[in-house]
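A note on names: the letters A, B, ... follow the listed sequences, proteins ahead of strands, and every chain is numbered from 1.
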Amino acid sequence: MATVVTIENLKDYVDQEVTLQGWLYNKTGKGKLQFLQVRDGTGICQVVVFRGNVSEEDFDAGKQLTQESCLRVTGRVKAEERAPGIPGGFELDATSLAIVQIAEAYPISPKDHGVEFLMENRHLWLRSSRQWAVMRVRATVVSAIRDWLDEHGFLNVDTPIITPSAAEGTSTLFEIDYHGEPAYLAQTGQLYNEANIFAFGKVYCFGPTFRAEKSKTRRHLQEFWMVEPEIAFCNLEQLMEVEEQFVSYIIQRCLTDRAAELQVLERDLSQLQNIAPPFPRIHYDVAVDMINKAAAAGELVPGYDDPVPAIEWGDDFGSPHETYVAAQFNKPVFVHHYPTQVKAFYMEPDPDRPEVCRSVDLLAPEGYGEIIGGSERMSDPQKLLESIHRHELPEEAYDWYMDLRKYGSVVHSGFGLGVERTVAWVCGLGHVRETIAFPRMLGIMRP
RNA sequence: UCCUCGAUAGCUCAAUCGGCAGAGCAUCCGGCUGUUAACCGGACGGUUGUUGGUUCAAGUCCAACUCGGGGAGCCA
């Protein structure tokens, strides 16, 4: 056995003899010639087995290989333009081949399959090249998130997943039994983040969050990953500058580090290459006007057959409204100053117009919807207490949160970015379920 | 929770007006020296989601249920 190498590194071993170990992805052949598509987790490489170049036993072994059988194969690396693969252009001219295991009939053939079948076989589907590419992009999105924040003075301080009921209502939370006391899986780490900034200045938490909403759409999961940066001495305008730098970095990192994967996904890169600051910023008032003009003109929601529904000032955007507004731009767009009444209790009202608040959502282009929600937080203790009362929240549950406003309160802001929606956008996918290895969706938690 | 669409071989689908349930792929056997979802020949493969109803006759029509897809609301 020669040096064991990985497929992504094959380009460094041209004309050398190496060993690959992996699984048979597909094969074809012609009598005395076999073409094996072998994947090893880092890519897919074509292995050529010619009858004269290997022993009779090894040639027969090649013929026995079924899809997903695993093998070790040794041979000479050749630069060959005709060779398919990820990356293509290199193939292994086999000199010996050993079967590790012959796989039973594999359920996922290289033909079309339905979503239900593929989801039931998610543990196997991950081996398919598109799913493989998506997970590699996801890893880069996660890595880019951490790198950018770490390099810009943010401290990673993670927040609890098991929480008391303190958030706004429990209907959308998963309840668990915490040694006899009801507790809930966190749907945000934000309140704890706010405590952490007063200790560390700029922080982020990054982990899974849980929503028990009965949402069954291409944009929703019951369990998803969210990164939530929070910044002391930061107002709404400064927050938007952070967000556009952050998101642009993530996109550009994927373009440079995952070109092969995006090619497997047949992603239109021109839609991503222009993602750079500044992003357009529109006020809620302006967005409402845009929507109502489109509604009056009978315009259709891009990608759907339904007309743009009118909106009354003061209402939160519905999904079709978001889709319409986002489609007017070829970059992510900030919509800021939403009505105070539709937003969370902790968002800072505009001092001149308290009916709107210093909140901002970032809507991704191409119909990917809201990828960020954020705001400037209320920093005045008296106003915060009034807001807690107005929202009829239990004051005693927020005693520690109120403390943050008593001991050195400063203007501060933060946001949450949904990893799955971001990955779906980068990869150009029609559904967030493909952006996480084992998605948890309404009514579905297996495998 | 509501609206909407769907369920036939391991997979993707077909089956005319209600009249013998069929193809491709996968798997197995055989053939082929440059294949790109190869190709050619053969074999194997069925409780038509479940229950009930209409009918001489139901994959097909009716009802309920189960499971799944898409959407609304809500959100990242």
Nearest whole Å is fine: how far is A26(B) P from Leu65(A) CG? 15 Å

Does any nucleotide pair with G18(B) by Watson-Crick or G-U wobble geometry, both distances under 3.5 Å, and what is it? none

If you check the Thr66(A) side chain, which of U27(B), G68(B), G73(B) turns out closest? U27(B)

Side-chain atoms of Lys111(A) come closest, of A72(B), A37(B), C75(B), to A37(B)

Contact class for Ile444(A) vs. all strands (heavy atom < 4.0 Å): base, sugar-phosphate, or nothing? sugar-phosphate

In the structure shown, which nucleotide is the Watson-Crick or G-U wobble counterpart of U55(B), with both distances under 3.5 Å? none

Nucleotide nearest Leu33(A) (side chain, heavy atoms from C-beta), chosen from A76(B), A37(B), G34(B): G34(B)

Does a side chain donor of either Gln131(A) or Glu434(A) reach within less than 3.5 Å of an acceptor in the other side chain? yes

Regarding G34(B), can its base be found pairing with the side chain of Glu91(A) as donor and acceptor, where the two atoms are less than 3.5 Å apart? yes

Does the ring center of Phe224(A) lie less than 6.0 Å from the ring center of Phe210(A)? no

Using the C1' atoms only, state how far U50(B) lies from A58(B), rounded to an integer number of Å. 16 Å

For this output row, return yes or no: ring centroids of Phe246(A) and Phe415(A) closer than 6.0 angstrom. yes

Would you check if there is a donor-acceptor pair between the side chains of Ser69(A) and Gln101(A) at a distance under 3.5 Å? no

Return the nearest nucleotide to the side chain of Glu213(A); candidates are G34(B), C75(B), C28(B). C75(B)

Does the base of C11(B) carry an N or O that pairs as donor and acceptor with the side chain of His113(A) under 3.5 Å? no

At 4.0 Å (heavy atoms only), tell me whether Gln34(A) reaches a base, stays on the sugar-phosphate, or touches nothing. nothing

Length of the CE-P vector between Met441(A) and G68(B), whole Å: 9 Å

Quick one: label Ile372(A) by what it contacts on the DNA or RNA (base, sugar-phosphate, nothing), any heavy atom closer than 4.0 Å. sugar-phosphate

For the pair made of CG in Leu362(A) and P in A76(B), what is the distance, rounded to whole Å? 13 Å

Do Glu228(A) and Gln190(A) pair up side chain to side chain, a donor and an acceptor below 3.5 Å, judged on atom types alone? no

Rounded distance in Å between the C1' positions of C65(B) and A38(B): 46 Å

So which nucleotide from G70(B), U27(B), G34(B) ends up closest to the side chain of Glu80(A)? G34(B)

May I ask you to decide if Lys27(A)'s main-chain N or O and Gln34(A)'s side chain share a donor-acceptor pair within less than 3.5 Å? no

Between atom NZ in Lys30(A) and atom P in C32(B), what is the gap in whole Å? 12 Å

With a 4.0 Å cutoff (strictly under), does any side-chain N or O of Asn53(A) reach OP1 or OP2 of U33(B)? no

Under 6.0 Å between the ring centres of Tyr338(A) and Phe317(A)? yes

For A72(B), take OP1 and OP2 only and decide whether either is under 4.0 Å from a side-chain N or O of Arg219(A). yes

Nearest-angstrom distance, C1' atom, A21(B) to A14(B): 10 Å

Within the structure shown, what part of the strands sits under 4.0 Å from Gly318(A) by heavy-atom distance: base, sugar-phosphate, or nothing? sugar-phosphate

Side-chain-base donor-acceptor pair under 3.5 Å for Thr28(A) and A38(B): yes

Quiz item: Glu104(A) side-chain donor-acceptor pair to U27(B) base, under 3.5 Å: no

Separation between the P atoms of U8(B) and G46(B), rounded to whole Å: 15 Å

Looking only at atom C1', what distance separates U47(B) and A7(B), rounded to whole Å? 15 Å

Length of the OH-P vector between Tyr25(A) and A26(B), whole Å: 14 Å

Please classify the nucleic acid contact of Phe117(A) as base, sugar-phosphate, or nothing, using heavy-atom distances under 4.0 Å. sugar-phosphate

Glu322(A) has an atom CD; how far is it from atom C1' of A76(B), in whole Å? 10 Å

Is a donor-acceptor contact shorter than 3.5 angstrom present between the side chain of Ser215(A) and the base of C74(B)? yes

I'd like to know if the side chain of Glu420(A) reaches the main chain of Ile436(A), judged simply by a donor and an acceptor atom lying under 3.5 Å from each other, with no hydrogens or angles considered. no

Does G70(B) have OP1 or OP2 under 4.0 Å away from a side-chain N or O of Arg433(A)? yes

Which nucleotide wins on minimum distance to the side chain of Ser109(A), given the candidates C25(B), G69(B), A76(B)? C25(B)

Atom C1', compared across A63(B) and U27(B): separation rounded to whole Å: 40 Å

Say we look at U54(B) and U60(B): how far apart would their P atoms be, to the nearest angstrom? 15 Å

Residue Arg218(A), side-chain atoms from C-beta onward, closest of A38(B), U27(B), G70(B): G70(B)

Whole-Å distance, Lys216(A) NZ to U1(B) P, equals 11 Å

For U36(B) and G73(B), measure between their P atoms and round to the nearest Å. 48 Å

Could you state the NZ-P distance from Lys214(A) to G73(B), rounded to the nearest angstrom? 18 Å

Does the side-chain ring of Phe35(A) lie flat on the base of G34(B), meaning centres under 5.5 Å and planes less than 30 degrees apart? no

